[in-house]
Amino acid sequence: MAGPGGRGQLMPPPEEELATKVLQIQSKRFYLDVKQNRRGRFIKVAEVGPAGRKSRLLLAMSTALELRDHLTSFSEIYASLGPPNPDNLPEDGKLKSEVMIKENRRYYLDLKENSRGRFLRISQTIARGGPRSQVAVPAQGMIEFRDALTDLLEEFGTEDDMSYGRFKGELPEARHMRIENKNFYFDIGQNSRGIYMRISEVKSNFRTAITIPEKSWGRFRDIFSEYVEKLKELSDKPAEEGK
DNA sequence: CCGGCCA
C-alpha cells in the first residue's frame, strides 16, 4: 500500500514546484513540471487528452536526462522510417524499444504504430505487476518534447544530474539482486568527482543506500575477500575453543 | 479529429 518513502500522513512532504512547460501536440496537451521534495528534484509529465483524460509519469532528473537522449535516437529512427506499412509491422507493433532502469523503477520506451499513426509510449512500472503509468507522445511531437526536457534540464538539472552524459552508454548497466526478502540495486553513476557505485537496499517501505567512489572499489574488494577467506578458515576448522 | 496500453 504505502510506496517506498511513504511514512504516514502526519506530515505530507512539502513539494515545491519550480517550473512548468506546456506543450500542445496534436490533440494532446503535455505538462512538464519540475518539482522538488525531500527526495530531490524530478519532472512530472502529465498528459491531458482531448476528453480531459489524464495520465502521468514521474522522472528523476537523471532519468529525464536519459530519456532526453533516447528521444534523440527515437526521432532519428522515426525520421528514417518510410510511410506506414501495415504489412511489415512487427507482431507487437513495436518499431524500436528501450528500457531505462532506475533503482526499482523500469521505464519502457516503445516507438509504436497503429491505425492512428506512430507514437512513443513511455511507461513506468514500480515493482513487477505493480501499477503502471504511462504517456503516449505522438511521434511528430518527440522533438518538441525532447527540446522542452532539454530546457528544463539545463535550467534545473544539478551538476550531478547533468554529468552523466560523458560516459553514457559506456558505464556498466545497473544490476539488481534479490536475497531472501531484500532487494539490492547497484547503480553506476558519475558526477563531478568521478564514477561511483550506489548500492541501495530496498525493503517493502524502507530504503537505504551507500555511495562508493570508484577509486576505492579495489579496497572494498580486498576487504570482502579477506572476510570470505576468514570465514572459510573458520568453517574449515573443526569445532574447538576460539581465538 | 483523435488515440495508442499488461513486458
Should the side chain of A:Ser27 and the base of B:dG3 be counted as holding a donor-acceptor pair, with the cut-off at 3.5 Å?
yes
Please give, in whole Å, the distance from B:dC5 P to A:Lys28 NZ?
10 Å
Please work out which of the three classes, parallel, tilted or perpendicular, describes the rings of A:Phe224 and A:Phe220, given edges at 30° and 60°.
tilted
To the nearest 0.5 Å, tell me how far A:Leu120 CG sits from A:Lys96 NZ.
10.5 Å
With heavy atoms under 4.0 Å as the rule, sort A:Gly49 into base, sugar-phosphate or nothing.
nothing
Interatomic distance, A:Ile25 CD1 vs B:dG4 P [rounded to whole Å]:
17 Å
Over how many whole Å does the gap from A:Gln24 atom CD to B:dC1 atom P extend?
12 Å
Nucleic acid contacts of residues 53-60 of chain A, taken as heavy-atom distances under 4.0 Å to DNA chain B
A:Arg53
Any donor-acceptor N/O pair under 3.5 Å between B:dA7 base and A:Thr125 side chain
no
Considering residues, nucleotides and ligands other than A:Gln24, do more than 12 of their heavy atoms fall under 6.0 Å from its CD?
yes
So is the aromatic ring of A:Phe119 stacked onto the base of B:dG3, judging by whether the centres are under 5.5 Å apart and the planes are under 30° apart?
no
Results of ring pair (Phe, Tyr, Trp, His ring centres under 6.0 Å) for A:Phe156 - residues two or more places apart only:
none
Round to a whole Å and report the spacing from CD1 of A:Ile122 to P of B:dG4.
16 Å
Can a donor-acceptor pair under 3.5 Å be found between the side-chain atoms of A:Glu113 and the base atoms of B:dG4?
no
Comparing A:Asn114 with A:Leu109, nearest DNA chain B nucleotide closer to 5' gives the residue A:Asn114
Would you kindly give the CD-to-P distance between A:Glu47 and B:dC5, to the nearest whole Å?
12 Å
Starting from C1' on B:dA7, measure out to CZ on A:Arg105 and report it in whole angstrom.
18 Å
Tell me whether the side-chain N or O atoms of A:Arg116 pair up with the base of B:dC2 as donor and acceptor below 3.5 Å, since no angle test is needed here.
yes
Residue A:Gln134, side-chain heavy atoms: nucleotide from B:dC5, B:dA7, B:dC2 that is nearest:
B:dC5
Rounded to whole Å, the CG-C1' distance (A:Leu95 to B:dC5) equals 16 Å
If I compare all heavy atoms of A:Phe30 with all of A:Ala136, which pair ends up nearest, and what's the gap?
CZ-O, 3.4 Å
Just list the side-chain donor-acceptor pairs under 3.5 Å for residues 140-151 of chain A, sequence neighbours left out, or say none.
unit_1, atom_1, unit_2, atom_2, d
A:Arg146, NH1, A:Thr72, OG1, 3.2
A:Thr150, OG1, A:Arg68, NH1, 3.1
A:Thr150, OG1, A:Arg146, O, 2.9

How long is the gap from CZ on A:Arg198 to OG1 on A:Thr211, to the nearest 0.5 Å?
3.5 Å
Tell me which of A:Val137 and A:Asp110 sits closer to the 5' end of DNA chain B, going by the nucleotide each one is nearest to.
A:Val137
Presence of donor-acceptor pair under 3.5 Å, side chain of A:Lys112 and base of B:dG3:
no
Nearest heavy-atom contact between A:Ile212 and A:Trp217 is O-NE1, 3.0 Å
Whole-Å distance between B:dC6 C1' and A:Lys94 NZ?
10 Å
Look at all strands and tell whether A:Arg118 reaches a base, only sugar-phosphate, or nothing, counting heavy atoms closer than 4.0 Å.
base
